[in-house]
Amino acid sequence: MVRAGRVLPRSFFDRDPVEVARDLLGRVVESWTPEGIVAIRLVETEAYAGQDDPASHAWRGPTPRSAVMFGPPGRLYVYFTYGMHHCANVVCGPDNLASAVLMRAGEVVDGVDLARARRRPGAPERALASGPANLAACLGLDTSWTGTDVVVAGSPLRLRAGSPVPDEAVVAGPRVGITRAVERPWRFRVAGNPHVSGPRRAGG
DNA sequence: ATAACGATTAGCT
DNA sequence: GCTAATCGTTATA
């Protein structure tokens with residue numbers, strides 16, 4: 001069991017998503033299920049700025065899928081993609097923007113056995129949560145988790161303070177896997193960290 | 001009703 | 001570097 005500090009308050013998420021994405025590096029996301037606990041220290045995130053952002057699922061206004069992004073900050077938005085993967089975001093402020101931060105990669109710091117069981121036998125430890133769909137799989141997340149409030153006491157998904165990453169260790173670069181607004185440098189990662197997503201690991 | 005595609009991943013060349 | 005896997009969401013009619 002890893003001591004990861006206090007649960008982040010709602011005010012943490014009630015900010016511009018670019019700020020939140022940057023600040024989320026080094027923080028610890030943990031899921032509590034009947035199977036057990038898995039905790040992951042985040043090393044890679046991306047910001048999505050709602051209706052101001054052509055790459056965001058919220059760009060064209062609310063749909064059944066993106067509705068939660070238009071709600072209050074601090075809730076989970078999990079979507080299903082490519083017919084087989086889930087990815088997890090935390091909704092951010094400000095209220096009118098429908099913004100969110102995608103949790104892209106991290107280091108499993110608690111519940112390694114459970115995390116590996118949810119992935120693939122023989123997956124190297126550094127690859128367990130390297131990529132948004134891998135990270136969501138380790139935590140056992142699917143679309144039924146959408147709407148989960150991560151700041152209420154006893155939530156099955158929590159974000160803890162962990163240890164913030166200093167500016168000199170943070171690299172900002174273009175977001176991955178999108179076709180619009182590619183130029184916005186809203187992907188953040190910890191420089192040189194072996195747990196970031198690949199194979200675009202070298203990109204900037 | 002239907003078609004195109006996606007905030008990905010793993011495996012192979 | 002290239003691509004199959006696989007299906008919900010969205011746009012269009």
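Keep in mind the model is a prediction, meaning the values are calculated, not measured. Quick note on labels: first sequence line is chain A, next is B, and so on, each numbered from 1.
Distance A/H86 NE2 to C/dC7 P: 11 Å, rounded to the nearest Å. Regarding A/E46, its CD atom lies at a distance of 7 Å from the P atom of B/dT8, rounded to whole Å. Residue A/D142 contributes atom CG, which lies 14 Å from atom C1' of C/dG8 at whole-angstrom precision. Atom NE2 of A/H57 and atom C1' of B/dA7 are 5 Å apart (whole Å). One can place NE2 of A/H85 at 11 Å from C1' of C/dA4, the figure rounded to the nearest angstrom. Per the geometry, CZ belonging to A/R118 stands 19 Å off C1' belonging to B/dT9, to the nearest Å. Look at OH on A/Y77: it is 9 Å from C1' on B/dA7, rounded to the nearest Å. B/dT8 atom P lies 16 Å from atom CG of A/L141, rounded to whole Å.
Each of C/dT10, B/dA7, B/dA10 was ranked by its minimum atom distance to the side chain of A/T63; first place goes to C/dT10. Out of B/dA10, C/dT10, B/dT8, the shortest distance to the side chain of A/R65 is found at C/dT10. Comparing B/dA7, C/dT10, C/dT6 by their closest approach to the side chain of A/L102 singles out B/dA7. The side chain of A/M84 has C/dT6 as its nearest neighbour among B/dT8, C/dT6, C/dC7. Candidate nucleotides C/dA11, B/dA7, C/dG8 were compared by shortest atom distance to the side chain of A/R60, and C/dA11 ranks first. When the nucleotides B/dA10, B/dT8, B/dA7 are ranked by their closest atom to the side chain of A/R119, B/dA10 comes out on top. Listed nucleotides: C/dG8, B/dA7, B/dA10. Nearest to the side chain of A/I178: B/dA7.
A salt bridge links A/R10 and A/D149; the closest N-O separation between the charged side-chain nitrogens and carboxylate oxygens is under 4.0 Å. Taking a cutoff of 4.0 Å between a charged side-chain nitrogen and a carboxylate oxygen, A/E107 and A/R126 do not qualify as a salt bridge.
Residue-level contact check: A/F80 touches the backbone only, with heavy atoms under 4.0 Å from sugar-phosphate atoms and none from bases. Note on A/R175: nothing from the nucleic acid sits closer than 4.0 angstrom, heavy atoms only. Here A/N89 lies in heavy-atom contact (under 4.0 Å) with a base. Among the heavy atoms of the strands lying under 4.0 Å from A/A133 are primed sugar atoms or P, OP1, OP2 only; no base atom is included.
Here the two rings, on A/H85 and A/F80, have centers that are 6.0 Å apart or farther.
Mapped onto DNA chain B by nearest heavy atom, A/G131 and A/T179 fall at different nucleotides, with A/T179 at the one closer to the 5' end.
For A/R187 and B/dA7, the shortest distance from a side-chain N or O to OP1 or OP2 is not below 4.0 Å.
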Under 3.5 Å, which donor-acceptor pairs do the side chains of residues 14-28 of chain A form with other protein atoms, sequence neighbours left out?
unit_1 : atom_1 : unit_2 : atom_2 : d
A/R15  : NE     : A/F12  : O      : 2.9
A/R15  : NH1    : A/E19  : OE1    : 3.4
A/R15  : NH2    : A/F12  : O      : 3.3
A/R15  : NH2    : A/D23  : OD2    : 2.9
A/D16  : OD1    : A/V18  : N      : 2.7
A/R22  : NE     : A/D167 : OD1    : 3.3
A/R22  : NH1    : A/V165 : O      : 3.4
A/R22  : NH2    : A/V165 : O      : 2.7
A/R22  : NH2    : A/D167 : OD1    : 2.6
A/D23  : OD1    : A/R27  : NH2    : 2.8
A/R27  : NE     : A/D23  : O      : 2.9
A/R27  : NH1    : A/A161 : O      : 2.8

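The aromatic ring of A/Y48 stacks onto the base of B/dA7, its centre lying under 5.5 Å from the centre of the six-membered base ring with the two planes under 30° apart.
Nucleotide B/dA7 forms no Watson-Crick or G-U wobble pair with any nucleotide shown, as no partner meets the under 3.5 Å limit on both distances. Using the Watson-Crick or G-U wobble rule with both distances under 3.5 Å, C/dT6 pairs with nothing in any strand shown.
A distance of about 16 Å separates the P atoms of C/dT3 and B/dC5, rounded to the whole Å.
Figure legend: cation-pi geometry between A/R75 and A/F13 absent, as NZ or CZ is not positioned both under 6.0 Å from the six-membered ring centre and within 45° of its axis.
The side-chain hydrogen bond (donor to acceptor under 3.5 Å, both in side chains) test with A/S144 is passed by exactly one of A/T148, A/T146, A/D142: A/D142.
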